[in-house]
Amino acid sequence: MDIWKIGLLGIAGVMLALQFKSNKPEYGLYIGFAVSLLIFSFVVSGLDSLFGNMGILGQYIGGNGTYFSILLKVIGITYICEFCAGICRDAGYGSVSGQIEIFGKLSVLAAGMPILLAIIESIQEIAG
């Protein structure tokens, strides 16, 4: 039941940060950043089971695992960009947050390009 731990950690961090909001707002930002890093560490610790399950799924499907590696890259890109953009947004830097999100979207597009090219090649083989 790690979801309860994460939820309570987030709520406790926000409540603690709110205490510093009026007098020392920078402390609230630091607390939010620390809580975010703790939650991120929980996520990273749970990735082992995800990688194991993806390997098993890849064995059932067959192939060399290229598509799964692309999928994991895309998941990583989106999570890291969302994490960083959220911290920038909370700090009051919405424009930096928006640029991180745009960069993340373009990175996902670039990472998924081999899949798109493979689909187009398959369509051409069927049509030709």
Side-chain angles (χ1 to χ4, degrees):
M1 298 300 281
D2 284 337
I3 190 68
W4 284 105
K5 292 177 190 175
I6 299 298
L8 290 175
L9 177 65
I11 291 171
V14 168
M15 293 295 186
L16 185 62
L18 284 174
Q19 296 300 316
F20 291 101
K21 189 174 183 179
S22 60
N23 296 337
K24 298 277 187 175
E26 64 273 7
Y27 289 167
L29 179 64
Y30 298 146
I31 291 169
F33 184 68
V35 169
S36 295
L37 285 178
L38 282 172
I39 293 172
F40 184 73
S41 70
F42 275 107
V43 170
V44 169
S45 68
L47 288 178
D48 284 338
S49 64
L50 177 68
F51 288 141
N53 290 334
M54 292 296 276
I56 293 169
L57 186 60
Q59 290 174 352
Y60 287 128
I61 294 175
N64 60 3
T66 304
Y67 297 125
F68 286 116
S69 67
I70 292 172
L71 177 64
L72 290 176
K73 277 184 196 176
V74 167
I75 291 170
I77 289 169
T78 56
Y79 188 77
I80 290 171
C81 286
E82 185 65 29
F83 178 77
C84 295
I87 289 174
C88 291
R89 192 177 310 111
D90 288 345
Y93 292 94
S95 61
V96 175
S97 172
Q99 294 303 313
I100 291 172
E101 290 173 347
I102 289 171
F103 177 76
K105 291 172 186 176
L106 292 174
S107 297
V108 166
L109 180 64
M113 196 57 70
I115 295 174
L116 179 63
L117 293 174
I119 291 171
I120 290 172
E121 287 176 8
S122 297
I123 291 172
Q124 283 182 341
E125 287 176 7
I126 292 172

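Because the structure is a prediction, the values reported are computed rather than measured.
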Answer yes if Ile31 and Ile6 sit in the same cluster of Ile, Leu, Val, Met, Phe, Trp and Tyr residues linked by side chain heavy atoms under 4.5 Å apart, and no otherwise.
yes
Rounded to the nearest 0.5 angstrom, the OH-CD1 distance for Tyr93 and Ile100 is 12.5 Å
Would Phe103 end up clustered with Leu109 when hydrophobic side chains under 4.5 Å apart are linked, directly or stepwise?
no
Report yes or no: do Ile77 and Ile115 belong to one cluster of Ile/Leu/Val/Met/Phe/Trp/Tyr joined by side chain heavy-atom distances under 4.5 Å?
yes
Evaluate the criterion side-chain contact (heavy atoms from CB on, under 4.5 Å) for residue pair Met15 and Ile11; output intermediate values, then yes/no.
CA-CA 6 Å; Met15 293 295 186; Ile11 291 171; 4.3 Å; yes
Separation between CD (Glu82) and CD1 (Ile87), nearest 0.5 Å, reads 11.0 Å
Same cluster or not: Leu106 versus Val74, using hydrophobic residues (I, L, V, M, F, W, Y) connected whenever any side-chain heavy atoms lie under 4.5 Å apart?
no
Point-to-point distance, once rounded to the nearest 0.5 Å, from CD1 of Ile119 to CD of Glu121
11.0 Å
To the closest 0.5 Å, what do you measure between OG (Ser107) and CD1 (Ile80)?
10.5 Å
Would you compute the distance between atom SG of Cys81 and atom NZ of Lys105 and round it to the nearest 0.5 angstrom?
10.5 Å
Considering residues, nucleotides and ligands other than Tyr79, do more than 12 of their heavy atoms fall under 6.0 Å from its OH?
yes
Can you see which heavy atom on Leu29 is nearest to which on Ala91, and at what distance?
CD1-CB, 3.7 Å
Does Met113 belong to the same Ile/Leu/Val/Met/Phe/Trp/Tyr cluster as Ile75, with side-chain heavy atoms less than 4.5 Å apart forming each link?
no
Between atom CG of Leu9 and atom CD1 of Ile39, what is the distance when rounded to the nearest 0.5 Å?
5.0 Å
Aromatic ring pairing Tyr27/Tyr30, orientation class (parallel under 30°, perpendicular over 60°, tilted between)
tilted
Run the side-chain contact (heavy atoms from CB on, under 4.5 Å) check on Phe83 and Leu37 step by step: do they pass?
CA-CA 9 Å; Phe83 178 77; Leu37 285 178; 4.0 Å; yes
Using side-chain contact (heavy atoms from CB on, under 4.5 Å) as the criterion, point out the one residue from Ser97, Cys84, Ser95 that pairs with Arg89.
Ser97
